[in-house]
Amino acid sequence: MPDLPPQQAKPPRVRFAPSPTGYLHVGGARTALFNWLFARHTGGTFILRIEDTDFERSSDAMVEGILEGMRWLGLDWDEGPFFQSRRLDLYKETAAISVAGGHAYPCFCSKEDLDNRRKEATASGHQPMYDRRCRHIAKEEAVARIAAGEPAAIRFAVPEGGATSFDDAVFGKVEFQNADLEDFVLLRSDGIPTYHLSVVADDIDMRLTHIIRGADHISNTPKQVLLYRALEAPLPVFAHVPLILGPDKTRLSKRHGATSVIAYKQMGIVPEAFRNFLSLLGWTTGGLKDANGKDREIFSSEELVNLFSLEGISKSNAVFDNDKLAWFNTEYIRNYPVAQLKPLVEQEWKLAGFTPTRSEKEITHAIELLKPRARSLKDFASAFRGYFSDEYEIDAAAAAKFLSGNVPALLVELGARYLAATEFTEASTEALLRAFAEEKGIKAGVLINGSRVALTGQGVAPSLFAVMVALGQHRVAARLQKAVVQPVG
RNA sequence: GGCGCUAUCGUCUAGGGGUUAGGACGUGAGAUUCUCAAUCUUAAAACCCGGGUUCGAUUCCCGGUAGCGCUACCA
């Protein structure tokens, strides 16, 4: 039977269908992102479906975690979330239709028998595929055994010969010999569907036009194609996305560090940076250049939506590079208008239990000064504390290096001069310091470095005189005069 | 083991029958001297191997190798 033409009717309908057996992980997030991008680009519909048919491993907490991750990334869905656990009737019905159509049959083999036979087959060098022994049980006998209460699973009857192929939007034509396909289980003996049944039943029921999912599903696809045909449903367009790997090129796992999207939020990554980074893992604009002729890499979500296409998805797996992510993060933080960055910083403070003791104006000023050198949102609650509160720590190494010898004493004196100053601008503070250095016969750099540590607690900071202006005259004077009592080393 | 997919700098990638094989991250060097986790300049760094097609393959084809995926009454 020839396939019905693929559903290209616009607008497209796509879905992200995570299994709540863990938090939203990086790979899932990227799949969700691509589906979302595709839906938004085409004006289609993005559906969220929770595949929770594995009751043992699924949990509400995981569902909430997945939703949280999607919200953080700004991936809003148009329909759902739908829960497969509440749609079991549909799957049973679909299985029954398959049986009635002669495409599926009850299987009475027990799990133990199956395991044993698989083991034997492997031991004797055969393929551990189901031997189809229940496929030829007479209909009457099967009905009688089920009536007698014998547990039975429903298996799909894979055609004995020929091949099954599909046209993947990313990989092109992919073909499998039917002989290599097992008579897979559709419905377990407890009435719970397996993955193959529930996805196909739902994808048909939800009228999905494009299935964008991880490449780990390529091998599952021919079975599902067969099911679509048995159900006389039009085939969607399949687009398999290559996998994301860890630095050692094995599948990304906890071993490699964070795999949960929320962990990146907790690391102070801003969502747009993460989304931008993720979008370029396994997808490319095809070499879009910026004004300088360099490949563009920073894209707003609007641009991403406009640019996204299935054609740009690459075929090979990609390694998740933390350094590159960190770079995206600094770029985004640096370029955010303060108005946009400030709420994120405040959220970070809240998380860290830190309360700034500054006016809104001072806070805005300090964020403006600091954002070009922030690596993560975390910096605002750690290294940058001194700009927002008087409770900050002096970095011991920086103090040892720059607050040694007679420097503290000089800073106390310098602080008094600043207190008495009638003007307090970047130019005036610098002039004052340099004059003071000359008067004392020492290099200005010594005082500059010492002041930096006394004022910010850090050995690294923006231009000292910009820092002074941000801090204000009284605070500068006070902190310099306190320098002498700071424990050194 | 079987089946499937993939292969350009360390990493993400552009490109494509003839190129100095481009960009970015990271790394090295230099500059700035008020620190560097900032900025600027700069350098090193790749077409997996073997056949074939071709005047010419990194590019097309075949094989190998390697990596990854699937191989459950998990998803």
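Chain naming here is simple, since letters A, B, ... match the order of the sequence lines and numbering starts at 1 in each. Any value given below was found using the heavy atoms of this structure, including those in side chains, with hydrogens, waters and symmetry copies removed.
- Counting only heavy atoms from C-beta on, A/Lys324 has its side chain closest to B/A24 among B/C73, B/U13, B/A24.
- Of the candidate nucleotides B/G26, B/A72, B/C12, B/A72 has the atom nearest to the side chain of A/Arg118.
- A close approach under 4.0 Å does not occur between any side-chain nitrogen or oxygen of A/Arg49 and OP1 or OP2 of B/A75.
- Considering only side-chain N and O atoms, A/Ser110 lies nowhere under 4.0 angstrom from the phosphate OP1 or OP2 of B/C73.
- The side chain of A/Asp216 lies closest to B/C70, out of B/C70, B/A24, B/C3.
- Counting atom types as modelled, A/Asp295 pairs a side-chain N or O with a base atom of B/G22 as donor and acceptor under 3.5 Å.
- With hydrogens and angles ignored, no donor-acceptor pair closer than 3.5 Å exists between the side chain of A/Thr194 and the base of B/C73.
- Taking every side-chain heavy atom of A/Glu182 into account, B/A72 is the closest of B/A72, B/G23, B/C34.
- Residue contacts shown for A/Asn449 are limited to sugar-phosphate atoms, with no base heavy atom under 4.0 Å away.
- Taking only side-chain nitrogens and oxygens, A/Arg434 comes nearer than 4.0 Å to OP1 or OP2 of B/C34.
- One N or O donor and one acceptor, one from the side chain of A/Arg373 and one from the base of B/C36, sit under 3.5 Å apart.
- By the 4.5 Å heavy-atom criterion applied to side chains, A/Thr259 and A/Tyr23 are not counted as neighbours.
- Closest to the side chain of A/Arg452, out of B/U35, B/U13, B/G1, is B/U35.
- Closest approach to the A/Tyr195 side chain among B/C12, B/A75, B/U6 is made by B/A75 (side chain taken as heavy atoms from C-beta onward).
- Here A/Arg296 does not reach the OP1 or OP2 of B/U13: none of its side-chain N or O atoms lies under 4.0 Å away.
- Taking 4.0 angstrom as the limit, A/Arg155 places a side-chain polar atom (N or O) nearer than this to OP1 or OP2 of B/C73.
- Using a cut-off of 4.0 Å between Lys/Arg side-chain N and Asp/Glu carboxylate O, A/Glu430 and A/Arg434 are scored as salt-bridged.
- Comment: A/Arg15 does not engage A/Asp202 in a salt bridge, judged by the lack of any side-chain N to carboxylate O separation of less than 4.0 angstrom.
- Nucleotide B/C9 has no partner under the Watson-Crick or G-U criteria, as no pair reaches both atom distances under 3.5 Å.
- If you measure from atom CG of A/Leu114 to atom C1' of B/C74, you get 15 Å, rounded to the nearest angstrom.
- Taking 4.0 angstrom as the limit, A/Arg334 places none of its side-chain polar atoms (N or O) nearer than this to OP1 or OP2 of B/A38.
- Here the side chain of A/Val460 is nearest to one of B/A75, B/C36, B/C73, namely B/C36.
- Residue A/Asp321 places its side chain closer to B/U11 than to any other of B/C73, B/C34, B/U11.
- OP1 or OP2 of B/A75 lies within a sub-4.0 Å distance of a side-chain N or O belonging to A/Thr53.
- Of the side-chain N and O atoms in A/Ser219, none sit less than 4.0 angstrom from OP1 or OP2 of B/U71.
- Ionic pairing of A/Arg117 and A/Glu112 is not present here: no N-O contact between side-chain nitrogen and carboxylate oxygen is shorter than 4.0 angstrom.
- Under 4.0 angstrom from either OP1 or OP2 of B/G67 there lies no side-chain N or O belonging to A/Lys249.
- A donor N or O paired with an acceptor N or O is not found under 3.5 Å between the base of B/G4 and the side-chain atoms of A/Glu175.
- Nearest to the side chain of A/Leu464, among B/C74, B/A37, B/C34, sits B/C34.
- In this structure, A/Thr250 reaches the sugar-phosphate backbone alone: every heavy-atom distance under 4.0 Å involves primed, P, OP1 or OP2 atoms, never a base.
- A/Arg373 has no carboxylate O lying under 4.0 Å from a charged side-chain N of A/Asp379, or vice versa, which leaves the two without a salt bridge.
- Between the CZ atom of A/Phe320 and the P atom of B/C25 there is a distance of 17 Å, given to the nearest Å.
- At whole-Å resolution of the value, CZ in A/Arg117 and C1' in B/C73 are 13 Å apart.
- At a threshold of 4.0 Å, the pair A/Glu182-A/Lys223 does not count as salt-bridged, since none of the basic side-chain nitrogens sits closer than that to a carboxylate oxygen.
- The nearest whole Å value for the distance from the OH atom in A/Tyr130 to the C1' atom in B/C70 is 21 Å.
- Within 4.0 Å of A/Gly214, counting heavy atoms only, lies no atom of the nucleic acid at all.
- Comparing B/U13, B/U6, B/G1 against the side chain of A/Thr284 picks out B/U13 as the nearest.
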